[in-house]
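Inspection log for the structure reproduced underneath, given as structure tokens.
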Amino acid sequence: MENTQNKKRIFSGVQPSGNLTIGNYLGAIKNWTTLQDDYECLYCVVDQHAITVRQTPADLRRRTYEIMAIYIACGLDPEKNIMYVQSHVPAHTQLSWVLNCYTMFGELSRMTQFKDKSSKNADNINAGLFTYPTLMASDILLYQADLVPVGEDQRQHIELTRDIAARFNSVYGDTFKIPEPYITKGAKINSLAEPTKKMSKSDPNANAYVSLLDNKDEIIKKFRRAVTDSDAVVCRAEGKDGINNLMTIYSCFTGKTDEEIVKEFEGKGYGDFKLAVGQVCADSLAPIQEEFERLMKDKAYLEQIFKANSEKAAYLARKTLSKVYRKVGFVQI
Ligand code: ATP
Ligand code: LTN
């Protein structure tokens with residue numbers, strides 16, 4: 001498939017490592033749906049990244065289907081976008097070996113995600129966890145992506161991707177497009193229990209996050225319990241981390257500005273605000289959940305997407321990989 005329309009290209013991915021949260025949705029997937037008409041987009045389920053942390057095989061397999069179903073249920077069109085599974089396109093790991101040889105130990109040691117995940121998984125600090133960013137760089141560079149829409153936590157990985165690409169280009173001449181991060185206002189949704197920390201799908205406290213598959217009662221309950229402050233005015237201010245986070249969530253779901261939100265809740269307490277956030281969140285997720293349930297009953301349809309789209313991705317990937325192999329001096333047969 002040629003990029004005949006000369007559209008800019010986008011690449012992004014989600015790991016099938018847990019139930020997706022509204023952080024993944026507002027920070028990444030929701031924005032992808034607004035880009036699909038104007039860009040040529042590749043959206044990957046990065047299963048090879050997920051095994052850098054120990055996974056139960058049956059769960060990993062189920063979640064890979066689930067993420068594809070969520071992509072579609074959130075409004076991504078599998079005819080318009082190349083939506084596929086990372087392990088179905090071997091060029092990702094083939095390129096990542098080469099890029100490992102152009103990435104420094106010191107660079108990988110500075111990655112905050114590596115530091116975070118190694119402290120959380122102290123008994124399994126494996127080499128894959130360490131070289132995770134070079135596989136991510138390969139995902140992006142393989143497709144000569146212009147833009148990478150991600151949450152704020154991934155900015156450092158994209159900076160590293162740019163450095164690796166520039167280093168390779170400076171040795172071998174123009175090979176890789178230097179990608180830009182695309183980071184929007186929902187880029188950092190924080191935990192409902194500890195609002196200074198990122199909401200994470202792997203948080204052991206289920207009250208810290210809202211899963212895309214939580215039902216209405218659970219969602220309302222989780223927002224009701226959300227940690228706030230002892231003040232009672234709904235407004236964005238320093239130190240009001242809990243309320244600031246709820247305002248970001250409310251704004252992402254409703255499109256309202258901070259001023260509009262402040263006005264709406266003038267004279268009302270946190271209880272009313274939390275209920276409103278819970279309600280709008282549950283109402284926005286309901287149609288996604290319904291479509292998700294329907295898709296999960298049709299595995300054959302999802303498998304057909306896996307197959308057709310991985311072939312399209314592999315076609316694009318092969319071009320960059322053979323260019324790289326030629327440049328580094330591998331014999332072509
Ligand atoms: P984990 O929490 O298990 O480490 P994760 O949710 O951070 O996983 P991914 O599933 O790979 O990791 O993330 C997919 C996308 O969602 C990425 O673009 C990431 O930046 C974004 N994202 C993840 N958490 C948040 C959040 N709390 N707020 C905004 N964006 C987020
Ligand atoms: N590292 C990302 C997931 C990811 C990704 C990518 C995102 C893997 N490869 C390529 C954008 C582009 C994460 O943990 N959120």
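The figures here come from the full heavy-atom set of this structure, side chains too, leaving out hydrogens, waters and symmetry mates. Atoms within each ligand, like the ligands themselves, are counted from 1 in listed order. Residues take their numbers from the sequence shown, with the count starting at 1.
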* Structure fact -> So the atoms of ligand 2 within less than 4.0 Å of a heavy atom of Gln113 turn out to be 14 (O)

* Select one of side chain, backbone, both or neither to describe which atoms of Ser200 lie under 4.0 Å from any atom of ligand 1, heavy atoms only. => both

* Spell out, as yes or no, whether a donor-acceptor pair under 3.5 Å connects the side chain of Lys7 to the backbone of Tyr39. => no

* Flag yes if more than 12 heavy atoms outside Tyr182 fall under 6.0 Å of its OH atom; otherwise flag no. => no

* Mark up the atoms of ligand 1 that fall under 4.0 Å of a heavy atom belonging to Gly27, in ascending order. => 29 (C), 30 (N)

* In terms of atom number and element, which parts of ligand 1 are under 4.0 angstrom from non-hydrogen atoms of Ala28? -> 15 (C), 16 (O), 18 (O)

* Structure fact -> In this structure, atom 10 (O) of ligand 1 is nearest to the protein heavy atom Lys201 NZ, 2.6 Å

* Please confirm whether Lys312 makes a cation-pi placement over Tyr84, using NZ or CZ under 6.0 Å from the six-membered ring centre and within 45° of the ring normal. => no

* Got a salt bridge between Lys80 and Asp37, using NZ or NE/NH1/NH2 to carboxylate O under 4.0 Å? -> yes

* **Charged N-O contact under 4.0 Å between Glu264 and Lys256** => yes

* May I ask which of His92, His49, Met136 has a heavy atom nearer to atom 5 (C) of ligand 2 than the others do? => Met136

* **Taking atom 18 (O) of ligand 1 as the reference point, the nearest protein heavy atom with its distance** => Gly151 N, 3.2 Å

* Shortest protein heavy-atom distance from atom 23 (C) of ligand 1, along with the residue and atom involved -> Asn24 ND2, 3.2 Å

* Structure fact -> Taken to the nearest 0.5 Å, the spacing of Lys188 NZ from Asp153 CG works out to 8.5 Å

* Where is the nearest protein heavy atom to atom 9 (N) of ligand 2: which residue, which atom, and how far? -> Asp139 OD2, 2.7 Å

* **Atoms in ligand 2 with a heavy atom of Val150 nearer than 4.0 Å** => 7 (C), 11 (C)

* Asked: Which residue holds the protein heavy atom closest to atom 7 (O) of ligand 1, what is that atom called, and what is the gap in Å?
  -> Lys198 NZ, 2.4 Å

* To do: Please could you name the atoms of ligand 1 that Met199 approaches to less than 4.0 Å, counting only its heavy atoms?
  => 24 (N), 26 (C), 27 (N)

* Asked: Does Gln36 reach the main-chain N or O of Cys41 with its side chain, forming a donor-acceptor pair under 3.5 Å?
  -> no

* Structure fact -> So the atoms of ligand 1 within less than 4.0 Å of a heavy atom of Val14 turn out to be 10 (O), 14 (C)

* **ligand 1-proximal atoms of Lys188, by part, heavy-atom distance under 4.0 Å** => backbone

* Those atoms of ligand 2 less than 4.0 Å from some heavy atom in Val46 -> 8 (C), 9 (N)

* Any side-chain heavy-atom pair of Gln113 and Gln154 under 4.5 Å -> yes

* Does Lys222 pair with Glu218 as a salt bridge, N-O distance under 4.0 Å? -> no

* Asked: Do Glu259 and Arg236 sit within salt-bridge range, that is, some charged N less than 4.0 Å from a carboxylate O?
  -> no

* Do Ser12 and ligand 2 have an N or O pair less than 3.5 Å apart? -> no

* Answer yes or no: is there an ion pair linking Glu66 with Arg63, defined by an N-O contact shorter than 4.0 Å? => no

* At a non-hydrogen distance cut-off of under 4.0 Å, which region of Lys117 contacts ligand 1 (side chain, backbone, both, or neither)? -> side chain

* ligand 1-proximal atoms of Asp153, by part, heavy-atom distance under 4.0 Å -> side chain

* **Contacting atoms of ligand 2, where contact means under 4.0 angstrom from a heavy atom of Tyr132** => 1 (N), 2 (C), 3 (C), 13 (C), 14 (O)

* Asked: Got the closest protein heavy atom to atom 29 (C) of ligand 1, with its distance?
  -> Ala187 O, 3.0 Å

* **Sub-4.0 Å heavy-atom approach of Gln86 to ligand 2** => no

* To do: Report, in ascending order of atom number, the atoms of ligand 2 lying under 4.0 Å from any heavy atom of Val148.
  => 11 (C), 12 (C)

* Out of Ile183, Asp203, Val53, Ile189, indicate the one that has the non-hydrogen atom closest to atom 28 (N) of ligand 1. => Ile189

* Mutual orientation of the aromatic rings belonging to Phe306 and His88 [parallel < 30°, tilted 30-60°, perpendicular > 60°] -> perpendicular

* Asked: Taking the side chain from Gln156 and the backbone from Arg110, do they hold a donor-acceptor pair closer than 3.5 Å?
  -> yes

* Asked: Does the N or O separation between Ser12 and ligand 1 drop below 3.5 Å for any pair?
  -> no

* Judging by distance only, is a nitrogen or oxygen of Gln154 under 3.5 angstrom from one on ligand 2? -> yes

* Asked: Tyr143 vs Phe11 aromatic rings, parallel, tilted or perpendicular, using cut-offs 30° and 60°?
  -> parallel

* Assert yes or no for the condition that the ring centre distance of Phe265 to Tyr270 is strictly below 6.0 Å. => no

* Asked: How does Val14 reach ligand 2, by side chain, by backbone, by both or by neither, if only non-hydrogen atoms under 4.0 Å count?
  -> neither

* Report, in ascending order of atom number, the atoms of ligand 2 lying under 4.0 Å from any heavy atom of Phe11. => 10 (C), 12 (C)

* Looking only at distances, please establish whether an N/O atom of ligand 2 is found under 3.5 Å from an N/O atom of Asp153. => no

* From the candidates Gly23, Ser191, Ser202, the one that places a heavy atom nearest atom 31 (C) of ligand 1 -> Gly23

* Structure fact -> Taking only non-hydrogen atoms of Gln154 and a 4.0 Å limit, the atoms of ligand 1 in range are 20 (O)

* To do: Using a strict cut-off of less than 4.0 Å between a Lys/Arg side-chain nitrogen and an Asp/Glu carboxylate oxygen, indicate whether Lys263 and Glu266 qualify as a salt bridge.
  => no

* Are Phe176 and Phe168 close enough that their ring centers fall under 6.0 Å? -> yes

